[in-house]
Amino acid sequence: MADVRLETALDPVAEIAAFNARYATSGGIVTFLGQVREGGGVEALELKHYGPMTLPGMTDLARITQLRWPLDGLLIVHRHGVMHPGDPIVLVAAAARHRRDAFAAADFAMDHLKSESWFWKREKTATGWRWIEPRPEDHEDLERWR
Amino acid sequence: MADVRLETALDPVAEIAAFNARYATSGGIVTFLGQVREGGGVEALELKHYGPMTLPGMTDLARITQLRWPLDGLLIVHRHGVMHPGDPIVLVAAAARHRRDAFAAADFAMDHLKSESWFWKREKTATGWRWIEPRPEDHEDLERWR
Amino acid sequence: MPRLVFLGKLEDIAGTAELTVAPGPVEQILATLDRALAIELLGEKVRMALNGSLITDMGGVTLREGDELAFLPPVSGG
Amino acid sequence: MPRLVFLGKLEDIAGTAELTVAPGPVEQILATLDRALAIELLGEKVRMALNGSLITDMGGVTLREGDELAFLPPVSGG
């Protein structure tokens with residue numbers, strides 16, 4: 001039921017169109033699209049993953065999300081590799097009979113993707129590449145679900 | 001900054017494509033698409049509005065939503081008229097620098113659209129048209145924001 | 001002439017979406033309507049809007065030429 | 001031969017994404033590495049995965065032919 005992918009490219013509009021068509025009679029569809037922000041002098045970012053664990057972890061997250069809320073469908077697509085401001089990074093879509101379930105499921109999946117998935121991020125500015133450390137907010141976001 | 005419309009037709013994918021393109025460097029975009037559910041023997045639904053108040057009320061809701069969260073952009077499109085299972089009813093999209101702001105703004109706007117906007121809904125089943133009464137959950141949804 | 005506008009199920013009860021009425025105090029106008037309809041219009045959950053703005057009390061409100069008084073039952077939209 | 005895999009900033013510190021090592025107990029293997037790198041790998045926030053599964057303690061773990069031991073610093077993804 002869940003469609004979970006780790007990709008080097010992501011076309012959010014095509015993905016959303018296909019998802020909406022597939023779940024046309026679900027009451028509500030919530031999508032989250034994460035993009036590379038502009039600002040802070042960031043010219044590029046790179047997301048690295050670990051083959052044996054990253055996609056299996058995402059698949060497990062999808063399974064847990066579906067156990068927690070009654071969903072008609074769930075999509076999680078995450079990119080890895082080098083990206084630039086304006087590029088899509090991650091897309092989550094949840095279709096449910098009831099609006100609140102779709103919102104909660106997408107929100108939950110994103111909090112866990114950001115904080116518990118096996119991705120490592122580095123950013124390139126004029127001074128070169130720099131690895132990004134986890135932020136305290138990521139941990140706080142997770143606490144909301146416990 | 002907000003794009004608020006009351007329409008007789010809605011093309012969610014085209015709207016989402018345009019919104020995403022416009023806010024390509026926002027960190028996060030949350031969209032909610034409400035559709036006519038299948039089930040319960042509902043063959044059609046009709047949403048009626050009141051010209052002098054419905055769109056002004058939606059515009060005011062957009063203003064309040066933007067005051068409450070720092071958004072890059074906000075879209076609210078609501079249909080009126082007769083719709084059938086699988087048809088889109090409402091689309092809300094919120095673009096923000098930070099993910100949580102986009103989620104909260106879209107969620108807030110939807111709760112208020114459902115419970116406080118000037119729309120009246122009737123459903124058609126095999127036994128004819130029937131006006132829908134407000135549900136207790138609608139009120140509970142609003143209480144979350146107070 | 002002033003108009004009364006009936007939204008949602010009130011349109012079904014009234015049998016019409018709009019009614020043109022003679023100018024005058026709202027209480028007097030309602031007294032001229034079908035009694036069953038008037039009772040519905042005065043229901044506790046029905047709100048009123050004069051020319052697009054909610055009013056909390058019809059006491060003292062007089063409808064003049066071109067005024068529109070809308071009766072708004074609880075919303076169930078979206 | 002077993003391999004050590006370094007994720008995130010540990011790759012920069014190691015100067016390589018992977019290192020082929022001789023089979024044997026992990027403690028012995030780490031003792032053969034550059035001391036600054038070994039200290040980073042043993043950092044409190046670094047987790048380890050043996051053949052794709054997290055392990056909580058390297059005590060007693062012996063790497064055999066084809067084993068892959070990954071060192072995972074805190075994630076910062078998405």
Side-chain angles (χ1 to χ4, degrees), chain A residues 6 10 32-37 45-61 76-81 83 87-92 106-107 109-124 128-139 141-142, chain D residues 1-21 23 26 29-30 33-58 60-78:
Chain A
L6 181 61
L10 168 58
F32 175 80
L33 171 63
Q35 309 179 123
V36 183
R37 274 201 288 265
L45 68 77
E46 181 172 18
L47 277 176
K48 297 223 183 189
H49 73 290
Y50 178 45
M53 294 177 71
T54 306
L55 183 59
M58 290 165 59
T59 302
D60 202 46
L61 171 60
I76 299 177
V77 188
H78 209 300
R79 276 178 79 184
H80 65 94
M83 292 158 248
D87 283 353
I89 306 171
V90 56
L91 178 70
V92 167
D107 199 5
M110 272 311 305
D111 277 353
H112 287 77
L113 273 174
K114 290 285 280 189
S115 319
E116 291 203 328
S117 287
W118 298 107
F119 288 103
W120 295 270
K121 180 163 64 179
R122 55 180 195 152
E123 288 180 350
K124 188 185 181 208
W129 286 98
R130 184 177 66 90
W131 288 100
I132 304 301
E133 298 291 327
R135 308 167 313 147
E137 304 96 282
D138 295 336
H139 181 72
D141 287 347
L142 284 191
Chain D
M1 301 283 277
R3 281 172 307 137
L4 306 185
V5 176
F6 309 117
L7 280 305
K9 67 176 178 183
L10 296 177
E11 175 181 344
D12 289 359
I13 294 165
T16 179
E18 294 191 8
L19 202 61
T20 302
V21 294
V26 173
I29 294 168
L30 290 183
L33 299 180
D34 172 81
R35 189 177 154 75
L37 173 60
I39 288 171
E40 291 287 343
L41 297 181
L42 292 169
E44 165 184 35
K45 291 183 172 170
V46 175
R47 304 182 74 182
M48 282 171 295
L50 181 60
N51 301 323
S53 295
L54 286 175
I55 57 175
T56 51
D57 185 7
M58 72 174 70
V61 174
T62 294
L63 297 190
R64 297 190 167 77
E65 186 61 39
D67 278 349
E68 177 168 312
L69 181 67
F71 293 87
L72 313 156
V75 296
S76 54

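All values below were derived from every heavy atom in this structure, side-chain atoms included, with hydrogens, water molecules and symmetry-related copies excluded. The sequence lines fix the lettering, A, B, ..., with proteins before strands; numbering per chain opens at 1.
A donor-acceptor pair under 3.5 Å links the side-chain atoms of D/E65 to the main chain of D/M1, judged by distance alone. Judged by distance alone, with hydrogens and angles left aside, the side-chain atoms of A/W120 form a donor-acceptor pair with the main-chain N or O of D/P73 at under 3.5 Å.
Within a 6.0 Å sphere centred on CZ of D/R47, other residues, nucleotides and ligands contribute 12 heavy atoms or fewer.
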- Derivation of the salt bridge (Lys or Arg N to Asp or Glu O under 4.0 Å) call for D/K9 and A/E133: CA-CA 10 Å; D/K9 67 176 178 183; A/E133 298 291 327; 3.4 Å; yes

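Within the 4.5 angstrom heavy-atom criterion, no atom of A/H80 approaches chain D.
The candidate with the highest count of non-hydrogen atom pairs below 4.5 Å against chain D, out of A/R122, A/R135, A/M53, is A/M53. Between chain D and the residues A/G34, A/P134, A/G51, the largest count of heavy-atom pairs under 4.5 Å involves A/P134.
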